[in-house]
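To start, I am sharing the structure in question, which I have written as structure tokens.
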Amino acid sequence: VQLQASGGGLVQAGGSLRLSCVASGRSFRNYSAAWFRQGPGKEREFVAHIHWSGGTYYADSVKGRFTISRDNAKNTVYLQMNSLNPEDTAAYYCAAQMAGQDYWRPNAYGYWGQGTQVTVSS
């Protein structure tokens with residue numbers, strides 16, 4: 001499966017963005033998906049995960065502000081980001097796996113999209 005992420009941009013603190021990740025190559029409904037992010041000089045960190053069954057998990061730093069969702073008919077996973085702050089500035093990556101396990105570990109995902117940059121100004 002190939003993943004294409006989009007929706008990043010420049011936003012002021014307190015603003016919102018919605019990221020999209022479109023999958024192609026095969027049906028996405030059997031895959032679990034996630035968003036990770038990587039800021040300058042930092043390691044890639046887990047943001048949110050949605051299991052193929054619909055269950056969701058979030059990093060503590062984004063809980064209550066970000067929402068991950070999916071539309072299997074469109075082979076798309078979304079990340080709605082509200083109340084953004086400068087600490088959210090990073091390249092955001094979508095990823096997919098079939099197992100639905102160890103959702104917080106980047107190495108658990110075999111499929112990755114390219115990053116989409118999110119920059120939050122203060």
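Predicted model, so just to flag it, every value in this text is computed and none were measured.
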Closest contact, heavy atoms only, Val120 versus Asp88: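 So the minimum-distance heavy-atom pair works out to CG2-CB, 4.3 Å.
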Residue pair Arg65 / Gln80, side-chain heavy-atom distance below 4.5 Å: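 Arg65 does not reach Gln80 side chain to side chain.
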Joint cluster assignment, Tyr58 & Phe46, ILVMFWY side-chain distance < 4.5 Å: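 Different clusters.
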Heavy-atom closest contact (Ala5 atom, Thr116 atom, distance):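 Ala5 and Thr116 have their closest heavy atoms at CB-CG2, 4.3 Å.
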Minimum side-chain heavy-atom gap Arg70-Phe28 below 4.5 Å: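 With C-beta onward as the side chain, the pair touches.
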Trace of the side chain to side chain contact (heavy atoms under 4.5 Å, CB included) decision for Ser24 with Gln4: CA-CA 8 Å; Ser24 60; Gln4 179 75 34; over 6 Å; no
Approximate separation, where rounding is to 0.5 Å, of Ile68 CD1 and His51 NE2: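 Taking CD1 in Ile68 and NE2 in His51, the distance rounds to 12.5 Å.
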Identified ring-ring contact (aromatic ring centres under 6.0 Å, His included) counterpart of Tyr31 within the set Tyr109, Trp52, Tyr111: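 In the set Tyr109, Trp52, Tyr111, the residue that makes a ring-ring contact (aromatic ring centres under 6.0 Å, His included) with Tyr31 is Tyr111.
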Separation between CH2 of Trp104 and CD of Glu45, rounded to the nearest 0.5 Å: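 Here the rounded value is 15.5 Å.
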Minimum heavy-atom distance between Arg44 and Pro106, given as atom pair plus value: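 Scanning both residues completely, I find the closest heavy atoms to be O-CG, 4.3 Å.
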Nearest non-hydrogen partners of Gly39 and Ala90, listed with the distance: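 Taking Gly39 first and Ala90 second, the nearest heavy atoms are N-CB, 3.8 Å.
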Distance (rounded to the nearest 0.5 Å) between His49 NE2 and Thr56 OG1: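 Between His49 NE2 and Thr56 OG1, I get 9.0 Å after rounding to 0.5 Å.
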Reported OG-to-CG distance for the pair Ser121 and Leu84, which is rounded to 0.5 angstrom: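 Reported to 0.5 Å precision, the distance equals 10.5 Å.
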Steps toward ring-ring contact (aromatic ring centres under 6.0 Å, His included) verdict (Tyr93, Phe36): CA-CA 5 Å; Tyr93 298 86; Phe36 288 78; 8.9 Å; no
Val118 reachable from Val62 in the ILVMFWY side-chain graph, under 4.5 Å edges: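 They do share one cluster, since a chain of ILVMFWY contacts under 4.5 Å joins Val62 to Val118.
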Test item: Leu79 and Phe66 side chains (from C-beta on) under 4.5 Å apart, heavy atoms: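 Yes, side chains in contact.
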Pair Arg37, Tyr92: side-chain N/O donor-acceptor within cut-off below 3.5 Å: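 Looking only at side-chain atoms, Tyr92 and Arg37 do form a donor-acceptor pair, the distance falling under 3.5 Å.
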Donor-acceptor contact present, side-chain Ser61 to main-chain Ala59, <3.5 Å: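 No; judged by distance alone, with no hydrogens or angles, the pair does not exist.
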Trp112 CH2 to Leu3 CG distance, which is reported to the nearest 0.5 Å: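 The distance works out to 10.0 Å.
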Donor + acceptor pair across side chains of Ser16, Asn82 (<3.5 Å):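 Their side chains do contain a donor-acceptor pair, which is all the 3.5 Å distance test asks for.
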Side chain to side chain, Tyr78 and Thr67, heavy atoms closer than 4.5 Å: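 A side-chain contact under 4.5 Å is absent here.
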Sequence neighbours excluded - disulfide (SG to SG under 2.5 Å) pairs with any residue from residues 1-109: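 Qualifying pairs, neighbours excluded: Cys21-Cys94.
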Side-chain donor or acceptor of Thr89 paired with backbone N/O of Thr119 under 3.5 Å: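 Side chain of Thr89 to backbone of Thr119, a donor-acceptor pair under 3.5 Å: no, none is there.
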Student check: side-chain heavy atoms of Leu19 and Trp35 closer than 4.5 Å: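 Leu19 vs Trp35: side chains touch.
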Exam field: side chain Gln38 to backbone Glu43, donor-acceptor pair closer than 3.5 Å: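 Not a single qualifying donor-acceptor pair exists.
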hydrophobic_cluster_shared for Leu17 and Val77, side chain cutoff 4.5 Å: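 The answer is yes; both residues are in one hydrophobic cluster.
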Contact summary for Thr76 and Ser20, nearest pair of heavy atoms: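 Nearest heavy atoms, Thr76 then Ser20: CG2-CB, 4.3 Å.
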Nearest-0.5 Å distance that lies between atom OG in Ser32 and atom CG in Asp102: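 Ser32 atom OG to Asp102 atom CG measures 11.5 Å (nearest 0.5 Å).
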